[in-house]
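Below is one structure, written out as structure tokens, with a few remarks after it.
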Number of protein chains: 2
Amino acid sequence: MSVPLYQAKAEMFRTLGHPVRIRVLELLQDGPRPVRDLLAEIDVEASNLSQQLAVLRRAGIVTSFRDGALVMYALSTPDVADLLAAGRRILGAVLTDRDGLLVELRSQKSSG
Amino acid sequence: MSVPLYQAKAEMFRTLGHPVRIRVLELLQDGPRPVRDLLAEIDVEASNLSQQLAVLRRAGIVTSFRDGALVMYALSTPDVADLLAAGRRILGAVLTDRDGLLVELRSQKSSG
DNA sequence: TTCGGACTTGCAGAAATCTTCATCTGTTCC
DNA sequence: GGAACAGATGAAGATTTCTGCAAGTCCGAA
């Protein structure tokens with residue numbers, strides 16, 4: 001194997017392993033959005049958001065295109081939503097009640 | 001939020017973001033196994049494997065128990081299998097053909 | 001009760017990741 | 001052309017993660 005498969009998988013999961021990147025993906029589940037919007041919802045510096053978006057782009061998880069003065073981002077595949085959903089289920093199973101996070105989790109629809 | 005939910009999610013994904021840890025989880029999908037077996041299949045030093053197992057344990061993704069002289073590990077929830085499967089699907093969608101990994105991916109049942 | 005196998009833990013240097021600052025490109029509007 | 005907004009990129013210091021080695025614990029057999 002040139003780049004072992006399990007290493008590619010690990011890289012993909014590591015790509016998701018950042019709070020800002022997770023939030024971006026959750027926001028993009030509802031459809032393409034301009035960086036502008038993401039920035040308004042995520043409380044992070046513009047340059048930092050750009051860095052995180054670049055990570056997601058390099059991994060092929062999101063795609064971007066320009067729409068006039070704005071740059072739009074979108075999930076490259078809707079399968080990402082499944083991954084996030086599966087993650088949510090595991091979190092529910094794993095957090096018996098650490099810090100009351102479980103309660104939050106249960107009351108959440110698909111964002112957060 | 002004490003520990004924001006999206007941060008807990010990010011931590012969970014980051015926990016999966018390591019080749020050895022991915023391999024461990026894939027092996028555990030078929031049922032509990034002793035460290036001994038994992039070590040025989042994963043080509044990593046014993047102490048390194050132990051470290052990675054500790055990471056998975058701390059995250060609550062696997063559990064361990066002693067069976068005589070051996071220590072057994074198991075997935076803490078079968079939902080983990082869903083997560084790995086979702087990851088595999090995304091990899092398939094994302095790797096149009098980088099390094100021919102796509103071919104490997106297609107010929108794989110559930111391990112690798 | 002001592003030996004060897006099966007793991008785990010502590011630790012330190014090496015490597016990767018994060019965050020922020022400064023700078024740079026592209027677009028719209030005047 | 002020039003100002004102002006929307007983003008991206010490069011680089012550096014701080015932090016985190018990884019790896020391997022040395023040492024330690026626990027168990028079964030002799």
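Computed over heavy atoms, backbone and side chain alike; hydrogens, waters and symmetry mates excluded. By convention in this document, chain letters (A, B, ...) are assigned in the order of the sequence lines, proteins followed by strands, and residues within each chain are numbered from 1.
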>> Using whole Å, what does the distance between atom C1' of nucleotide dT9(C) and atom CG of Leu53(B) come to?
In response: 13 Å

>> Measure CG/Asp37(B) against C1'/dG5(C) and give the value in whole Å, please.
In response: 15 Å

>> Assess whether a salt bridge exists between Arg58(B) and Glu11(B), defined as any Lys/Arg side-chain N lying under 4.0 Å from an Asp/Glu carboxylate O.
In response: no

> Counting just side-chain N and O atoms, does Arg21(A) come under 4.0 Å of either OP1 or OP2 of dC18(C)?
Replying inline: yes

> Closest to the Ser47(B) side chain: dC21(D), dC21(C), dC7(C)?
Replying inline: dC21(D)

>> Using a heavy-atom cut-off of 4.0 Å across all strands, would you classify Asn48(A) as base, sugar-phosphate, or nothing?
In response: base

> Taking for each residue the nucleotide of DNA chain C bearing the nearest heavy atom, is the 5' side occupied by Pro34(B) or by Gly17(A)?
Replying inline: Pro34(B)

> For the side chain of Arg14(A), counting heavy atoms from C-beta on, which of dG7(D), dC7(C), dT17(C) is nearest?
Replying inline: dT17(C)

> When you match Val44(A) and Asp67(A) each to their closest nucleotide on DNA chain C, which lands nearer the 5' end?
Replying inline: Val44(A)

>> When you measure from the side-chain N and O atoms of Arg57(A) to the phosphate of dT9(D), is any distance below 4.0 Å, counting only OP1 and OP2?
In response: yes

> Which pair of heavy atoms, one from Arg33(B) and one from Leu38(B), lies closest together, and at what distance?
Replying inline: CD-CD2, 4.0 Å

> Does His18(B) have a side-chain nitrogen or oxygen under 4.0 Å from the phosphate oxygens OP1 or OP2 of dT19(D)?
Replying inline: yes

>> According to a hydrophobic-cluster definition based on side-chain heavy atoms being under 4.5 Å apart (Ile, Leu, Val, Met, Phe, Trp, Tyr only), do Leu83(A) and Val55(A) belong together?
In response: no

> When the distance from CD1 of Ile42(A) to C1' of dC18(C) is rounded to whole Å, what number comes out?
Replying inline: 16 Å

> Can you tell if the side chain of Leu16(B) reaches within under 4.5 Å of the side chain of Ile61(B), non-hydrogen atoms only?
Replying inline: yes

> Does dG26(C) have OP1 or OP2 sitting under 4.0 Å from an N or O in the side chain of Arg66(A)?
Replying inline: no

> Expressed in angstrom and rounded to an integer, what is the separation of Gln52(A) atom CD from dA8(D) atom P?
Replying inline: 12 Å

> Any salt bridge between Glu26(B) and Arg88(B), counting N to O under 4.0 Å?
Replying inline: yes

> DNA chain D: Gln51(A) or Leu70(A), which has the more 5' nearest nucleotide?
Replying inline: Leu70(A)

>> Could you tell me how far apart Arg58(B) (CZ) and dC18(D) (P) are, to the nearest whole angstrom?
In response: 10 Å

> In whole angstroms, how far is the C1' atom of dT9(C) from the CG atom of Leu49(B)?
Replying inline: 14 Å

>> Looking only at the side chain of Arg36(B) (C-beta and beyond, no hydrogens), which of the listed nucleotides dA8(D), dT17(D), dC7(C) gets closest?
In response: dC7(C)

>> Is there a side-chain contact between Tyr73(B) and the phosphate of dA6(C), meaning an N or O under 4.0 Å from OP1 or OP2?
In response: no

> Does Met72(A) belong to the same Ile/Leu/Val/Met/Phe/Trp/Tyr cluster as Val24(A), with side-chain heavy atoms less than 4.5 Å apart forming each link?
Replying inline: no

> What's the CD-P distance between Gln7(B) and dT16(D), to the nearest Å?
Replying inline: 12 Å

> Which one, dT8(C), dC21(D), dT19(C), comes nearest to the side chain of Glu45(B)?
Replying inline: dC21(D)

>> Between C1' on dC26(D) and CZ on Phe65(B), what's the gap in Å once rounded to a whole number?
In response: 17 Å

